[in-house]
Amino acid sequence: MLVIASIATALIALLHIYILVLEMALWDKPKGMKVFGLKKEFAQATKVMASNQGLYNGFLAAGLIWGLILTTFEQAVAQGQAIQIFFLSCVVVAGVFGAITSSKKILFVQGLPGAVALVLVLLS
């Protein structure tokens with residue numbers, strides 16, 4: 001069962017890498033517009049937003065891959081903390097990225113709470 005679950009997880013990670021590429025690199029290109037059913041004007045106007053979404057999909061893929069790697073070790077507490085540290089770091093980066101590309105408010109709504117939680121996990 002573990003092998004089947006790992007294969008399924010790997011496929012989902014690959015899917016999210018594909019979505020990352022679509023949203024961050026191909027959003028306003030013919031392939032991206034076709035996949036998402038977009039018109040050129042809308043794709044150009046929402047390119048930064050799509051890039052932000054693509055970043056999240058990349059974090060999901062990275063987290064899934066990290067989780068796959070961690071399943072090979074027997075350190076439950078260390079695993080949990082490593083996963084928390086990884087994903088909280090992703091939240092902080094996404095908050096900073098969102099603040100730079102979309103709205104400064106994202107830094108305070110997402111980045112700062114993520115940083116506080118990250119510090120708490122590191123201190124625990």
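Since the model is a prediction, treat every value here as computed from it, not as a measurement.
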Donor-acceptor pair between W27 and S51 side chains, under 3.5 angstrom: no

I65 vs I17 side-chain heavy atoms within contact, under 4.5 Å: yes

ILVMFWY cluster, V119 and V92 together (side-chain gap under 4.5 Å): no

Contact summary for A13 and A61, nearest pair of heavy atoms: O-CB, 3.5 Å

C90 to F59 - nearest heavy-atom pair and separation: O-CE1, 3.1 Å

Considering all heavy atoms, the nearest L26-K31 contact: CD1-CG, 4.1 Å

Distance-minimising heavy-atom pair for M24 and L55: SD-N, 3.6 Å

Side chain to side chain, V96 and L107, heavy atoms closer than 4.5 Å: yes

Shortest non-hydrogen separation from A43 to L38 and the atoms involved: CB-CD1, 4.1 Å

Joint cluster assignment, L22 & M49, ILVMFWY side-chain distance < 4.5 Å: yes

Same apolar cluster: F42 and M33, side chain cutoff 4.5 Å: yes

Criterion side-chain contact (heavy atoms from CB on, under 4.5 Å) on L60 and Y56, from CA distance to verdict: CA-CA 6 Å; L60 290 173; Y56 283 96; 5.6 Å; no

Heavy-atom pair of closest approach, residues K29 and K47: NZ-NZ, 4.2 Å

Heavy-atom side-chain proximity of Y18 to L14 below 4.5 angstrom: no

With N52, the side chain to side chain contact (heavy atoms under 4.5 Å, CB included) member among T46, T101, I100: T101

